[in-house]
Amino acid sequence: MVEATELMAEILKARKDVNASLVFADDVQVKLMEAIKSLSEARSGMVAVHHELAEAKLRLGVRIKMNGWEQKTFLGAKSEPAVMRDVG
């Protein structure tokens, strides 16, 4: 989003530098503003997904540690570590 808004600023500055009318490249500016809006909506969606996954993680009992993750056991069940084995 930062780069897109910087592009808009550069377009506006360039139009002023060449003394072009306000309607020059107006369609380009409209498309860029739509793109910035879409980027903002996508960002908001990703933040919402992150929040929901964080809540799901807590409901499942997954706790993040500096060296990986640990899963709590439910109802006294023993949690065995995953073991990789050759099935070939």
Using the rule given for side chain to side chain contact (heavy atoms under 4.5 Å, CB included), can you reason through R59 versus E55, listing the C-alpha separation, both sets of side-chain angles and the distance that settles it, and then say yes or no? CA-CA 6 Å; R59 284 193 305 261; E55 286 182 7; 4.0 Å; yes

From NZ (K13) to CD (E10), nearest 0.5 Å: 6.0 Å

Going hydrophobic residue to hydrophobic residue with side-chain gaps under 4.5 angstrom, can you get from V28 over to I36? yes

Show, in sequence, the C-alpha distance, side-chain angles and deciding distance for E41 and K37, and conclude whether the side chain to side chain contact (heavy atoms under 4.5 Å, CB included) test is met. CA-CA 6 Å; E41 290 170 353; K37 180 182 176 203; 3.1 Å; yes

When you compare the side chain of H50 with that of M46, does any pair of heavy atoms fall below 4.5 Å? no

Are V47 and H51 close enough, and set up right, to give a side chain to side chain contact (heavy atoms under 4.5 Å, CB included), and what steps lead you there? CA-CA 6 Å; V47 169; H51 178 72; 5.6 Å; no

Hey, are the side chains of I11 and L7 touching, using non-hydrogen atoms and a 4.5 Å cut-off? yes

Shortest non-hydrogen pair, L39 vs A4, comes out as CD1-CB, 4.1 Å

Minimum heavy-atom distance R15-L22, with the two atoms named: NH2-CD2, 3.1 Å

At their closest point, which heavy atom of V2 faces which heavy atom of T5, and how far apart are they? O-OG1, 2.8 Å

Around atom CG of D27, are there more than 12 heavy atoms of other residues, nucleotides or ligands at under 6.0 Å? yes

